[in-house]
There are 2 protein chains.
Amino acid sequence: MALLGFERHDHDSCVSDTLSAAEAHCAEAGLRLTPVRRRVLEILLERHRALGAYDILETLAAEGLGSQPPVAYRALDFLVKAGFVHKIERLNAYVACAHPGDSHAPAFMICRSCDSVAEAQASLAAGALGDAAKAAGFRIERTVVEAEGLCPGCLKRGDAT
Amino acid sequence: MALLGFERHDHDSCVSDTLSAAEAHCAEAGLRLTPVRRRVLEILLERHRALGAYDILETLAAEGLGSQPPVAYRALDFLVKAGFVHKIERLNAYVACAHPGDSHAPAFMICRSCDSVAEAQASLAAGALGDAAKAAGFRIERTVVEAEGLCPGCLKRGDAT
DNA sequence: ACTCCAATGTTATTGTGTAACATGGCTTGC
DNA sequence: GCAAGCCATGTTACACAATAACATTGGAGT
């Protein structure tokens, strides 16, 4: 039983549901969810946390699905472009999208103590930064919003207060 | 919402003023703005753009101020902690703070065509993400807010539209 | 059967960042 | 003065992150 956001949930079904949804979406959009790509997404869903490309590669290698960095990076590129996975810039790590299908301006809360990551929606461009961009004549195409701090669990335990 | 990044300004005085202010602040706070640290800040101010640690190191090395990565990284760590420099996570690069002294929740606009970076203020924690964090019981300590897109100059020239 | 193209396999390299330990120099208390 | 301790720096070596470039495979369409 792992954490979504910072709460418990039915993890088995969350994994299989998301995989099914991804398959359906790919079929519809003419994208190819190949074995490696599918397995990378599954790994991220199973572990349910931000993983480095080399962590993922380790698992792939153990399963005979590829042992060199480009294998992992190419699968991740595909999944990120398709919107199934997000990159956490602050951690140089990747995490399965928690709101697949939703329109996307993801924001993340990253616990500096246990490294758990929760995804929220933040339509940044609509707020103060959007105004600043408009004033400056800057055209926003993508946003990175990541908050670092302490998750409820670590706060409660008094970790790294 | 002051912007430095995409507009002309008196660069010489911006460099020397900021350096003086940094010196004053360090003296007051009991921090040591050593030659390497001071020079790194000066390099960032002079070039007035986001620089990788190894770019900075190259300049330092040419001046006999240190040739190994830890020299640059330690100086950058100091400057970031002191608030004189920000790291742009999306670029793995560092940029001198454009609003030294102000209370700090910096936000950045990054041009994907010319790599220029403008700094704005965005009190993120006060907005939608702050609400989400409060609801989740997450304590925000630091925020990374970076918008990627096209700056006015590149838009006007039609670069990479 | 052939061609094309997308995906994968593989080698090698570049870029980013840190661990760990040695040295030097200042300051603070004695 | 001088010893102790601390902070900054010097240096080696390495770990982690990402990509370039090229070879190979395998299916889709003709």
Side-chain angles (χ1 to χ4, degrees), chain A residues 22-23 26-27 29-41 43-44 49-82 84-95 110 112 115 144 146 148, chain B residues 22-23 26-27 29-41 43-44 50-82 84-95 110 112 115 144 146:
Chain A
E23 262 166 9
C26 284
L31 301 173
R32 294 166 59 180
L33 191 62
T34 62
V36 187
R37 293 169 176 177
R38 192 191 140 94
R39 183 61 185 131
V40 169
L41 177 55
I43 290 167
L44 284 168
R49 47 175 299 145
L51 295 175
Y54 282 68
D55 292 331
I56 293 167
L57 183 59
E58 214 172 291
T59 303
L60 289 180
E63 298 171 359
L65 276 172
S67 60
Q68 300 305 318
V71 173
Y73 281 104
R74 287 194 284 232
L76 287 167
D77 283 349
F78 170 86
L79 293 167
V80 167
K81 274 195 192 115
F84 302 138
V85 166
H86 299 300
K87 178 173 184 186
I88 310 293
E89 298 290 344
R90 170 79 195 164
L91 302 176
N92 294 320
Y94 302 82
V95 69
I110 306 167
R112 67 167 161 81
D115 278 333
V144 174
E146 298 171 1
E148 194 179 352
Chain B
E23 261 165 9
C26 283
L31 300 173
R32 295 167 57 181
L33 191 62
T34 62
V36 187
R37 293 169 176 176
R38 191 192 141 94
R39 183 61 185 132
V40 168
L41 177 55
I43 290 167
L44 284 168
L51 295 176
Y54 282 68
D55 292 329
I56 294 167
L57 183 57
E58 212 171 294
T59 303
L60 289 180
E63 298 171 359
L65 274 173
S67 59
Q68 300 306 317
V71 173
Y73 281 105
R74 286 194 286 233
L76 287 167
D77 284 350
F78 171 86
L79 294 167
V80 167
K81 277 198 191 111
F84 301 137
V85 166
H86 300 299
K87 178 172 186 187
I88 310 294
E89 298 289 344
R90 171 77 194 162
L91 301 177
N92 295 320
Y94 303 82
V95 68
I110 307 166
R112 68 167 160 81
D115 278 334
V144 173
E146 297 171 3

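Just so we're on the same page: letters track the sequence lines, and every chain starts at 1.
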Applying side chain to side chain contact (heavy atoms under 4.5 Å, CB included), name anything that partners [X], two or more places apart in sequence or on another chain.
X       : value
B:Ala62 : none
A:Pro35 : none
B:Asn92 : A:Asn92, B:Lys87

Review point. Can you list the residues that meet the salt bridge (charged side-chain N to carboxylate O under 4.0 Å, His left out) rule with A:Glu58, with sequence neighbours excluded?
Key: none
Study note, to complete from the structure: With sequence neighbours left out, the residues meeting salt bridge (charged side-chain N to carboxylate O under 4.0 Å, His left out) with A:Glu146 are none
Can you check the [X] [atom1] to [N] [atom2] distance for me, whole Å?
X        : N      : atom1 : atom2 : answer
B:Arg38  : D:dT9  : CZ    : P     : 14 Å
A:Asp115 : D:dC16 : CG    : C1'   : 15 Å
A:Asp77  : C:dT8  : CG    : C1'   : 14 Å

Below 3.5 Å is the cut-off: list the nitrogen or oxygen pairs between protein and nucleotides 13-17 of chain C, distance only.
unit_1, atom_1, unit_2, atom_2, d
C:dG17, OP1, B:Lys87, NZ, 2.5
C:dG17, OP2, B:Tyr73, OH, 3.1
C:dG17, N7, B:Tyr54, OH, 2.7
C:dG17, O6, B:Tyr54, OH, 3.4

Close N or O pairs between protein and nucleotides 20-24 of chain C (under 3.5 Å):
none

Practice item. Tell me whether the OP1 or OP2 atom of C:dT8 has a side-chain N or O from A:Thr34 closer than 4.0 Å. Key: yes
So which protein N/O to nucleotides 24-30 of chain D N/O distances come out below 3.5 Å?
none

Practice item. Among residues two or more places apart or on two chains, list those pairs meeting salt bridge (charged side-chain N to carboxylate O under 4.0 Å, His left out) that have a residue in residues 68-80 of chain A. Key: none
Practice item. Mind jotting down which residue pairs meet the salt bridge (charged side-chain N to carboxylate O under 4.0 Å, His left out) criterion with at least one end in residues 30-41 of chain B? Sequence neighbours excluded, please. Key: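 Sorted pair list: B:Glu23-B:Arg38, B:Arg39-B:Glu42, B:Arg39-B:Glu46, B:Arg39-B:Glu63.
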Practice item. For A:Leu65, answer base if it contacts any base atom (sugar-phosphate contacts may also be present), sugar-phosphate if it contacts only those atoms, and nothing otherwise; contact means non-hydrogen atoms under 4.0 Å. Key: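 Counting heavy atoms under 4.0 Å across all strands, the contact made by A:Leu65 is with sugar-phosphate only.
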Revision key, fill the gap. Sorted by chain and residue number, the ring-ring contact (aromatic ring centres under 6.0 Å, His included) partners of A:Tyr94 (sequence neighbours excluded) come out as none
Point to revise | Axis-to-axis angle between the two ends of the helix from C:dA1-D:dT30 to C:dC30-D:dG1 (five base pairs per end, rounded to 10 degrees) | key: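 About 20°, once rounded to a multiple of 10°.
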Point to revise | Any B:Arg112 side-chain heavy atom under 4.5 Å of B:Ile110 side chain | key: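 Of all side-chain heavy-atom pairs linking B:Ile110 with B:Arg112, none is under 4.5 Å.
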